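The structure appears below as structure tokens.
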Amino acid sequence: MLFYWFWLFLLYSFGGYVLEKLYAAVRRSPHQVRKCFLLLPLCPVYGLAMLAVLHLPPDMTGTFWRLALYGGLTATAVEYVVHLLYERLLGVLFWDYSATKMDLNRRVCVPFAVVWGPLTAFALRQVQPLLHPIALHAPAGAGLALLLVLTADSFFTVRLLRRTHN
């Protein structure tokens, strides 16, 4: 069951990476640089947020809008904590909402928090049923191999970020 959650983390982290790239392309952002690992196309904040949302108690996820409310709050809380840890442990800011109205310590802001709600509800209702069988039946050997690759990539990424802060 451990690899089940690991696969979900990877799949949602990859989905977050794709979402970030699409958002940057739509906005025609000149800042389309990587905001994650050196090699792997993963944004761990998305994977961690969705794992947290998947662990919400059933009374918080009954209806779409109830799930949107609590899912959005949960994802925003994870985003805040991950940003804080990146800043404190690695000395980097992967995102900065200070130019956005109603931000909290540059780490989260109301406009994106509002978006995370329906996005998490949609993901849990529409995407999770598709990912569940993939994560459930993924070979353990492939999971172990990816865990080793992720560990190596994380090691080199952390080392580089602690040296360059970029």
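All values reported here derive from a predicted model rather than from experimental measurement.
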Kindly work out whether a path of hydrophobic side-chain contacts (I/L/V/M/F/W/Y, heavy atoms less than 4.5 Å apart) joins Val110 to Val78.
-> no

Between the CG atom in Leu40 and the OG atom in Ser154, the distance rounded to the nearest 0.5 Å is 7.5 Å

Evaluate the criterion ring pair (Phe, Tyr, Trp, His ring centres under 6.0 Å) for residue pair Trp7 and His132; output intermediate values, then yes/no.
-> CA-CA 9 Å; Trp7 279 105; His132 173 72; over 10 Å; no

With a 3.5 Å cut-off and sequence neighbours excluded, list the donor-acceptor pairs that the side chains of residues 111-125 form with protein atoms.
residue : atom : partner : partner atom : Å
Trp116  : NE1  : Glu79   : OE1          : 3.1
Thr120  : OG1  : Trp116  : O            : 3.0
Thr120  : OG1  : Gly117  : O            : 2.9
Arg125  : NH2  : Thr61   : O            : 2.8
Arg125  : NH2  : Gly62   : O            : 3.0
Arg125  : NH2  : Thr63   : O            : 3.4

Donor-acceptor contact present, side-chain Arg66 to main-chain Asp59, <3.5 Å | yes

Checking side chain to side chain contact (heavy atoms under 4.5 Å, CB included) for the pair Met102/Tyr97: CA distance, chi angles, key distance, verdict?
-> CA-CA 9 Å; Met102 297 187 290; Tyr97 292 126; over 6 Å; no

Going through the distances and angles, do Leu73 and Thr76 end up as a side chain to side chain contact (heavy atoms under 4.5 Å, CB included)?
-> CA-CA 5 Å; Leu73 290 171; Thr76 301; 5.8 Å; no

Between Pro44 and Ser13 the two heavy atoms that sit nearest each other are CA-OG, 3.6 Å

Quick one: which residue pairs count as a salt bridge (Lys or Arg N to Asp or Glu O under 4.0 Å) with a foot in residues 86-101, not counting sequence neighbours?
-> Glu87-Arg106, Glu87-Arg107

Gap between atom CE of Met60 and atom CG of Leu69 - 0.5 Å precision | 8.0 Å

Hydrophobic cluster membership, Leu51 vs Val18, 4.5 Å side-chain cutoff = yes

Hey, can you pull the donor-acceptor pairs under 3.5 Å for the side chains in residues 134-152, sequence neighbours left out?
residue : atom : partner : partner atom : Å
Thr151  : OG1  : Leu147  : O            : 2.7

Side-chain contact, heavy-atom cut-off 4.5 Å: Leu42 with Phe14?
-> yes

Worked check of side chain to side chain contact (heavy atoms under 4.5 Å, CB included) between Leu54 and Gln128 | CA-CA 9 Å; Leu54 284 165; Gln128 181 60 22; 3.8 Å; yes

Do Tyr80 and Asn105 meet the criterion of a side-chain donor-acceptor pair at a distance under 3.5 Å?
-> yes

Of all heavy-atom pairs between Gly71 and Val53, which one has the smallest distance, and what is that distance?
-> O-CG2, 3.7 Å

Say whether Tyr23 and Leu19 are linked into one hydrophobic cluster, either directly or through other cluster members, by side-chain heavy-atom distances under 4.5 angstrom.
-> yes

Do the rings of Phe6 and Phe3 sit parallel, tilted or perpendicular, given the 30° and 60° boundaries?
-> perpendicular

side-chain contact (heavy atoms from CB on, under 4.5 Å) with Tyr86: which of Leu90, Leu89, Leu84?
-> Leu90

With the 4.5 Å side-chain cut-off for hydrophobic clustering, are Leu130 and Phe64 part of the same group?
-> no

Would Met50 and Phe9 satisfy side chain to side chain contact (heavy atoms under 4.5 Å, CB included), going step by step from the backbone distance to the final call?
-> CA-CA 8 Å; Met50 285 309 298; Phe9 167 77; over 6 Å; no

When every non-hydrogen atom of Leu131 is compared with those of Tyr12, the smallest separation belongs to CD1-CZ, 3.6 Å

